[in-house]
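Whatever order the structure lists them in is the order used to number ligands and atoms, beginning at 1.
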Amino acid sequence: MSAARSRRPPRAPGGERAPRLARCAARAILAGLWLGATAAHAQARVETPSIFRPASTPAFAIRELSWLVLGIAGAIFVLVAGVLVVSLVRFRDRGGGGAEPAQVYGSPRIELAWTLVPFLIVVVLFLTTARYIFALESARPGAAALRVRVIGHQWWWEIDYPDLGVVTANELHVPVSDPPGSVPTFLTLESADVIHSFWVPQLAGKLDLIPNARNQLWIDPQRPGTYVGQCAEFCGVQHAGMLLRVIAHPKAEFAAWVDAQRAPAVAEPAVAAGRRAFESAACVSCHTVRGTAANGIFGPDLTHLMSRSTLAAGVAPNERDRLRRWVEDPDAIKPGALMPAMRLSPEDLDRVVAYLATLR
Ligand code: CUA
């Protein structure tokens with residue numbers, strides 16, 4: 001119980017509760033990680049998606065709670081297994097059919113103990129968890145916060161920055177929040193079709209994206225890097241092919257990314273034939289390329305397609321030959337994908353892919 005009292009929920013941006021243990025733990029872990037870290041580029045380092053390697057305040061809170069629960073459960077396991085092993089060894093049948101051991105019926109002391117102790121354990125776990133949940137949920141986006149809408153689709157993520165005029169897909173770029181909570185990213189989670197679930201284990205707990213509802217989640221990655229996650233709610237045949245990446249950039253690098261994303265699509269004369277072929281195909285009814293006739297919203301925005309590192313929501317690397325295969329026959333890369341094969345002639349396929357490959 002003293003453990004519960006000494007624990008303080010994590011600091012939430014705009015929240016009221018004071019941080020103590022979470023912040024200290026965060027600092028200690030960050031210090032350790034910084035010591036071991038190299039000055040690798042943010043994009044280059046993809047972290048193992050483990051809840052035991054948190055990088056954001058809500059994830060630090062989850063790890064703290066996990067250790068508490070694991071500690072209590074581990075102690076119970078050791079106690080029960082220990083008593084069991086001692087009993088098995090000490091009171092084993094040594095032959096000779098010994099007498100039946102003393103039988104205990106209706107001992108108020110024993111019954112009280114095995115009712116009260118589990119009850120108190122559940123109370124401690126409940127109260128501690130509730131405090132963490134309220135602390136995290138009391139967060140409100142301040143002036144420095146970045147707001148992002150994340151919309152789940154079968155089977156990809158639409159990522160919209162309403163204040164920045166940027167729309168992208170499957171890769172959520174955010175600024176690093178150092179010190180913790182200084183530049184949090186507040187996500188509004190929505191769905192265009194069925195229930196999906198946003199889960200990036202190193203940054204926050206998972207939260208569903210529900211049709212006709214809006215859920216809120218916040219993250220504040222405290223070191224640059226690429227954090228991988230995935231849809232965590234079965235949403236159809238390509239549920240497993242609905243991966244996402246969160247890329248945390250140092251502030252200046254993030255500003256440069258925003259500038260690049262805001263720029264209109266490049267229009268290289270060398271691939272004008274490909275652009276015409278693209279614009280005259282049905283691609284334009286699902287995809288947007290800003291500054292062209294393509295303004296569909298059913299599929300990902302392709303204005304800066306080649307700035308993304310994967311295709312088809314993380315299913316394949318975004319390389320020229322994979323892109324060609326994807327446009328030629330999406331089913332070959334992602335069976336069941338809702339993008340149809342356009343049945344372009346080989347010449348048009350080459351032209352369209354050559355055009356798409358310029359969309360940096
Ligand atoms: Cu989206 Cu599972």
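Of all N, O or S atoms in E233, the one lying closest to atom 2 (Cu) of ligand 1 is O. For H196, the N/O/S atom at the shortest distance from atom 1 (Cu) of ligand 1 is named ND1.
Side-chain atoms of E64 and Y132 include a donor-acceptor pair closer than 3.5 Å. Judged by distance alone, the side chains of D220 and S56 do bring a donor and an acceptor atom under 3.5 Å apart. N295 and T288 share no donor-acceptor pair across their side chains, judged by distance under 3.5 Å alone.
Not a single N/O/S atom of H239, whether from backbone or side chain, sits less than 2.8 Å from atom 1 (Cu) of ligand 1. Backbone or side-chain N, O or S atoms of C231 reach atom 2 (Cu) of ligand 1 at under 2.8 Å. Coordination check, M242 versus atom 1 (Cu) of ligand 1: passed, since an N/O/S atom of the residue sits under 2.8 Å.
Taking the six-membered ring where the residue is Trp, W257 and H173 present parallel rings, their angle staying beneath 30° rather than reaching 60°. Using a 30° and 60° split on the angle between ring planes, H249 and F254 fall in the tilted class, from 30° to 60°.
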